[in-house]
Amino acid sequence: MKNQKGFTLIELLLVLAIIGIISAIAIPALLSQRSRARDKSAIQNMTGRMGDLVGQYDKLKEAASATIPADLGLYLAATGGGDKNPWNPATAAFNTTLSASTATTQALALTHIAGIAAGGTKGLVEFALAPPGTGTPGFIEGGVLCDNAQGGGATPIYTVCKATAIE
């Protein structure tokens, strides 16, 4: 037998089959991770801006502004220009028009914003304001539509919401 150099056809086919099997397992897992990373970025956009809006609300309340919802929208537009929607980078991360809410409890606030965000665009953060009333707290609510279901349970939840009480 002669001195053999290189690989045989069987060896090459075996290596290709192994690479194909590994690829079939790895590619779907990687695609799922990219989707989850986009969702986490959108949720982080929402939670980060919630703290900003609460602080800005307090400043506007102290200044006795009569147009707090509009002023909060202007604040979002002025400070959120660099933030992009992780699902569509060509669009903004936030809807700068705060919707009005009549929520009197945190559960109602979360239900309200979940309904708004569920009908929206993936990754676009929606905010709502429920001003405080006599004997009822106010809320700044935020919600974002995600691609992956959040939390455990029988019914998957694709909208992540947060409500913060204001006085």
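Side-chain atoms are counted along with the backbone in the values below, which use heavy atoms only and exclude waters and symmetry mates. This one's a predicted model, so the numbers in the text were calculated from it and none came from an experiment. The residues of the chain are indexed from 1 along the displayed sequence.
- In Ile10, the CD1 atom is not crowded: 12 or fewer heavy atoms of neighbouring residues, nucleotides or ligands sit closer than 6.0 Å.
- With rounding to the nearest 0.5 angstrom, the CG atom of Leu76 is 9.0 Å from the CG atom of Asn95.
- Summarising the geometry, atom OG belonging to Ser23 is positioned 10.5 Å from atom CG belonging to Leu16; distances are rounded to the nearest 0.5 Å.
- Nearest heavy atoms, Asn45 versus Phe94: O-CE2, 3.5 Å.
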Notebook entry, point to check: Run the side-chain contact (heavy atoms from CB on, under 4.5 Å) check on Lys162 and Glu141 step by step: do they pass?
Noted result: CA-CA 6 Å; Lys162 181 176 180 179; Glu141 313 158 22; over 6 Å; no
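- For the side-chain contact (heavy atoms from CB on, under 4.5 Å) test with Glu126, the passing option among Ile113, Thr121, Thr159 is Ile113; the others fail.
- Leu12 contributes atom CG, which lies 7.0 Å from atom CZ of Phe7 (distance to the nearest 0.5 angstrom).
- A salt bridge is defined here as a Lys NZ or Arg NE, NH1 or NH2 lying under 4.0 Å from an Asp or Glu carboxylate O, and Arg49 with Asp52 meets this definition.
- Shown here are the salt bridge (Lys or Arg N to Asp or Glu O under 4.0 Å) partners of Asp147, two or more places apart in sequence or in another chain: Lys122.
- Of all heavy-atom pairs spanning Phe139 and Ala163, the tightest one is CD2-CB, 4.3 Å.
- With hydrogens and angles disregarded, no donor-acceptor distance shorter than 3.5 Å links the side chain of Glu62 to the backbone of Lys59.
- Contact detail for Ala42 and Val125: the closest heavy-atom pair is O-CG2, 3.9 Å.
- Across Pro69 and Leu129, no two heavy atoms sit closer than the pair CG-CD2, 3.6 Å.
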Margin query: Before you tell me yes or no, could you show the steps for Phe127 and Leu53 under side-chain contact (heavy atoms from CB on, under 4.5 Å), namely the whole-Å CA-CA distance, both residues' side-chain angles and the distance that decides it to 0.1 Å?
Written below: CA-CA 10 Å; Phe127 290 107; Leu53 287 176; 3.6 Å; yes
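- Two residues are said to be in side-chain contact when any heavy atoms from C-beta on lie closer than 4.5 Å; Asn88 and Thr91 meet this criterion.
- Panel note: side chain Thr111, backbone Ala107; a donor-acceptor pair is recorded below 3.5 Å.
- Surrounding CD of Glu167 are at most 12 heavy atoms belonging to other residues, nucleotides or ligands under 6.0 Å away.
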